[in-house]
Amino acid sequence: MDYNKLAELLFPDIQKTPADYEALYPPRENAEHGACITRLGPSPTGFIHLGNLYGAFVDERLAHQSKASDGTGGTFFLRIEDTDDKRYVEGAVETIINSLGFFDIKFDEGAALDGHDSGNYGPYYQSQRGPIYQAFVKELIRKGQAYPCFLTEDDLAAIRQEQEANKETTGIYGKYAEKSRNLSYEEIESNIAAGKPYVIRLKSSDTSTANPDSKVSYEDHDGVTYISIVDGIRGKVAMPANDQDVVILKANGIPTYHFAHVIDDHLMHTTHVVRGEEWLMSLPIHVELFEKLGFELPVYCHTAVLMKIDDETGNKRKLSKRKDPELSLDYYRKEGYHPKAVKEYLLTILNSNYEEWRAEHPDADIDEFQFTTDKMSSAGALFDLNKLMDISKDVLLGIPAEELAAFMLNWAQEFKPQAAPLLENQEYLSKILDLGRHDKKPRKDLIHAKQIFDFISYFYDEYFTIEERIPEQVSDEDAREILTRYLETYDHSDDQSEWFEKIRTITADLGYAVKPKDYKKHPEEYKGSVAHVSTVIRIAVMGRSQSPDVWAIQQILGEERVRSRISQLIG
RNA sequence: GGUCCUAUGGUCAAGCGGUUAAGACACCGCCCUUUCACGGCGGUAACCCGGGUUCGAUUCCCGGUAGGAUCACCA
C-alpha cells in the first residue's frame with residue numbers, strides 16, 4: 001500500500017504539513033521559562049456548572065500563580081470545544097465568560113465576548129481548526145498510522161453485539177479492526193467514488209519505543225502492556241495501553257475530542273491539562289496519540305468529581321445537573337451568595353491546607369494562598385452547603401457595608417425586582433447591614449442576599465409583619481401594659497443606657513425580674529424576667545424575637561416608625 | 001462484565017510504621033448576654049473487612065467488600 005498516495009486521495013486539499021503549523025505556533029516564551037499554560041475547554045452547551053468553576057479555578061490559579069524565570073506570569077486561555085455541532089447553544093460563550101467573570105476568573109487569551117479571539121495560537125474554536133487537524137491526520141495516514149474505515153452504524157452494532165455475546169471488550173481492535181485496516185487502495189478509492197461515508201481511525205500499536213524522551217513508562221504484566229504517567233493530583237496512575245483503533249476524524253471531517261485535545265494542547269503549548277476524573281479512562285488513547293505524533297506530554301491533573309448524598313438512596317453520587325439545582329452556577333447567583341464566599345469555599349475543598357492558611361492569615365487576599373495540585377484530594381468531595389454558609393458568614397464580615405449594600409441592590413434588581421426600589425436607599429441599607437459588625441464580637445449572621453433580605457425585611461414597612469407570638473410568661477394585659485408604658489416614656493434621643501433603664505423600671509413595676517438570673521433561681525417569685533419584657537417590645541417593633549440590638553435598630557428605623565408600630569399593636 | 005480511581009467521626013479533612021488519631025462544619029451541654037447571634041469552655045462521635053510484611057500497622061503489600069468513574073463518529 002502506498003500511503004502517500006492514500007493520503008493524497010483522502011486529503012487532496014490539505015497542503016500544509018505539521019511542520020508548517022509547528023512554525024506557525026512556536027513555543028511560548030513564558031512556558032519556556034517555566035510558567036504554566038492552562039486552558040479551559042468547555043463545550044458550548046450553555047450550561048456552566050460548579051464542576052466547571054472548580055476546574056476553571058484550578059486552571060486559573062495554576063497559570064496566574066506560576067512565574068517564569070524572567071518574571072512574566074503564566075497564561076490561562078479559553079478554547080471552545082465545539083466539535084459536536086449538535087450541542088451548540090446560542091450565547092453559550094457569553095454565558096461561560098460572564099459566569100466565570102462573576103467569580104473573578106478571567107482569561108488572558110482565547111475566545112472572547114466580542115467574537116474576536118485574542119492571542120497568537122488561534123483560532124480558539126475547534127470548529128474553525130479543521131484544516132489543522134486534517135494536516136496532522138494526513139501525516140498519520142502517510143506514515144501508515146491511521147486509516148479510513150467504512151464501517152456503517154449497522155456494522156458497528158453487529159460487532160458490538162457479537163462482542164457482548166462473547167463477553168469480550170467492545171470496540172474496534174485486534175481482529176475486529178483487520179477488515180478495515182487491510183482494505184486495498186483500490187477498494188478505498190471505489191468506496192469513496194461511490195460516496196460512502198467514512199471515518200479515520202488510529203491504527204493502534206505499541207508505542208513503547210516510539211518516543212525516547214517520553215514521560216510515559218511502560219511495563220508488562222501477564223503479557224499486557226501497561227502505561228503509567230505521573231498525574232499532578234493523583235501521582236502515579238497506571239493502566240493498560242490503548243489497543244483500540246479509535247476514530248480520530250469523524251465522517252464530517254471534524255476530529256473527535258481525543259484528537260482535538262492532543263493537537264490543540266500541543267500546538268497551543270498547554271503545560272497543564274486540568275480536567276475531570278471522567279477523562280482518566282481515555283488517557284491511554286491520548287498517550288498513544290502524543291507518542292505517535294512525537295509530542296511532549298503535558299502534565300495531567302485529573303480532578304475529583306463533586307458528589308452529593310442522594311436524597312432517595314442515601315448514597316454518594318455525582319452531582320447531576322438535572323437533579324441538583326446547587327450544581328448550577330445560577331443557583332448561587334439567585335440565592336445571592338457572594339462570589340468571594342463561593343471561591344473561598346471551593347478552595348477549602350480544593351486544597352486541604354487552605355483552611356489552616358486562612359486561619360493564620362484572616363485578612364490576606366485569597367490570591368496570596370499558594371495553591372498546589374498535590375494538596376488536592378483525589379477522592380470525590382461531597383458538596384456541603386452548610387460549610388459554604390459558615391464560610392460565607394466570615395467572608396461577608398470582611399466586606400464593607402457599603403459594598404454589601406451595592407451587592408444587595410444588584411442582586412435584587414436581577415432576582416427580586418419588586419424589592420429593588422427599596423434597596424436603592426443605599427445609605428439606609430448600609431446602616432442596617434452594618435449593625436453589630438463593629439463590636440469586639442461582631443455578629444456573623446449575614447450569609448447570602450436572599451437570606452439577608454429576609455433577615456432585615458422588618459426595616460421596610462412593606463415587608464414588616466408580626467411573625468411571632470409573645471412569650472407565654474407574659475399575659476395579654478401585661479403585654480399591653482408594657483407597650484403602653486414603653487410608648488409613654490419613649491424618648492428617641494435617649495442613649496442606650498437611658499433607654500434600657502426605662503425598660504428595667506417597667507420590668508420591676510410589673511413584677512418581672514430585672515436580672516434574668518433571679519428569675520432563673522426563684523421562678524416562683526416573678527412572672528418572668530426582663531428578657532421576656534424585652535421580647536414583647538422586640539416583637540412589636542421588629543415582628544420577631546430574634547434581631548440585633550433593639551436600641552440600635554430603633555435609631556435606624558426612626559422615631560416615627562417605632563411609635564406607629566407600637567401604637568398600631570396597642571390598637 | 002472489563003478497566004481504572006477511592007476508602008479516617010454525620011460532612012470536609014490532617015496523618016505518610018510507634019500519636020491520648022489534629023482541626024473545621026454540623027450536633028449537644030455550660031458560660032457570657034435584655035432576645036438572637038457572636039464569642040468562650042466542654043462533650044458525643046472515626047481508621048470498611050480478612051490475610052500477610054514487621055518487634056509494632058490507620059499508615060506498606062495482597063485479597064474481598066463498598067462507593068464512584070468509564071467502556072460513542074459526546075465532550
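This one's a predicted model, so the numbers in the text were calculated from it and none came from an experiment. Hydrogens, waters and symmetry mates play no part in the numbers below; they use all other heavy atoms, side chains included.
- Within the nucleic acid shown, A/V199 comes within 4.0 Å of at least one base atom, counting heavy atoms only.
- Of the P atoms belonging to B/A57 and B/U70, the separation is 39 Å, rounded to the nearest Å.
- The side chain of A/Y226 lies closest to B/U3 when the candidates are B/C73, B/A75, B/U3.
- At whole-Å resolution of the value, CE in A/M542 and P in B/A37 are 15 Å apart.
- For the pair A/K387 and B/A13, the criterion of a side-chain N or O lying under 4.0 Å from OP1 or OP2 is not met.
- Which of B/C38, B/U34, B/C71 sits closest to the side chain of A/S534 comes down to B/U34.
- For A/K203, the NZ atom is densely surrounded, since the number of other residues' heavy atoms within 6.0 Å is greater than 12.
- One finds a side-chain N or O of A/K250 lying less than 4.0 angstrom from the OP1 or OP2 phosphate oxygen of B/A75.
- In this pair, A/H286 and A/H261 present their aromatic rings perpendicular. The plane angle is above 60°, beyond the 30 to 60° band.
- Between A/I285 atom CD1 and B/C4 atom P the separation is 15 Å, expressed in whole Å.
- An OP1 or OP2 oxygen of B/C73 is reached within less than 4.0 angstrom by no side-chain nitrogen or oxygen of A/T256.
- Comparing atom distances between the A/L280 side chain and each of B/C73, B/C4, B/U35 picks out B/C4 as nearest.
- Across the protein-nucleic acid pair, A/E81 atom CD and B/A75 atom P stand 9 Å apart, rounded to whole Å.
- Summary of the strand contacts: A/C149 and A/D390 both lie near RNA chain B, and taking for each the nucleotide with the nearest heavy atom, the more 5' one is attributed to A/D390.
- Judged by distance alone, the side chain of A/R538 and the main-chain N or O of A/S547 form a donor-acceptor pair under 3.5 Å.
- Spacing between B/U58 and B/U53 at atom P, rounded to whole Å, works out to 16 Å.
- Seen from the ring of A/F464, A/R565 counts as a face-on cation partner, given the 6.0 Å and 45° thresholds.
- Residue A/W499 is in base contact, counting any heavy-atom pair closer than 4.0 Å across all strands shown.
- The backbone N or O of A/A364 sits less than 3.5 Å from a side-chain atom of A/R358, completing a donor-acceptor pair.
- Atoms CD and CD, on A/E288 and A/Q244 in that order, are 10.5 Å from each other to the nearest 0.5 Å.
- The side chain of A/V530 lies closest to B/U34, out of B/A24, B/U34, B/C5.
- Distance NZ (A/K515) to P (B/U33): 10 Å, rounded to an integer number of Å.
- Nearest-nucleotide mapping onto RNA chain B: of A/W279 and A/H532, the residue sitting toward the 5' end is A/H532.
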Review point. Given the rule in the side chain to side chain donor-acceptor pair (under 3.5 Å) test, do A/H302 and A/R234 qualify, once you have shown the distances and angles that lead to the verdict?
Key: CA-CA 7 Å; A/H302 289 97; A/R234 290 154 196 271; 5.3 Å; no

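- When heavy atoms are screened at a 4.0 angstrom cut-off, A/A238 is found touching the sugar-phosphate backbone but no base atom.
- For A/P240, the side-chain atoms get nearest to B/U3 when compared with the rest of B/U3, B/A69, B/C73.
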Revision key, fill the gap. A correct dot-bracket answer for RNA chain B, with pairs being Watson-Crick or G-U at under 3.5 Å, [ ] for crossing pairs and | for inter-strand pairs, is ((((((((.[[[..)..(....]]].(((((.......)))))....[[[[[..)....]]]]])))))))....

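- Among the protein residues, A/Q496 comes within range of the nucleic acid bases, having at least one heavy atom under 4.0 Å from a base atom.
- Among the nucleotides B/U34, B/A75, B/C38, the one closest to the side chain of A/K444 is B/C38.
- With distances taken from any side-chain atom of A/R443 to the nucleotides B/C73, B/A37, B/A75, the minimum falls on B/A37.
- Between the CD atom of A/Q126 and the P atom of B/A75 there is a distance of 8 Å, rounded to whole Å.
- Side-chain proximity of A/A531 to the nucleotides B/U35, B/G23, B/C5 is greatest for B/U35.
- Atom CD in A/E355 sits about 16 Å away from atom P in B/U11, given to the nearest Å.
- In this structure, of B/C4, B/U35, B/C73, it is B/C4 that holds the atom nearest to the side chain of A/M239.
- As rounded to whole Å, 6 Å separates atom C1' of B/A26 from atom CG of A/N386.
- Taking the side chain of A/M281 as heavy atoms from C-beta on, and the options B/C5, B/U34, B/U3, the nearest nucleotide is B/U3.
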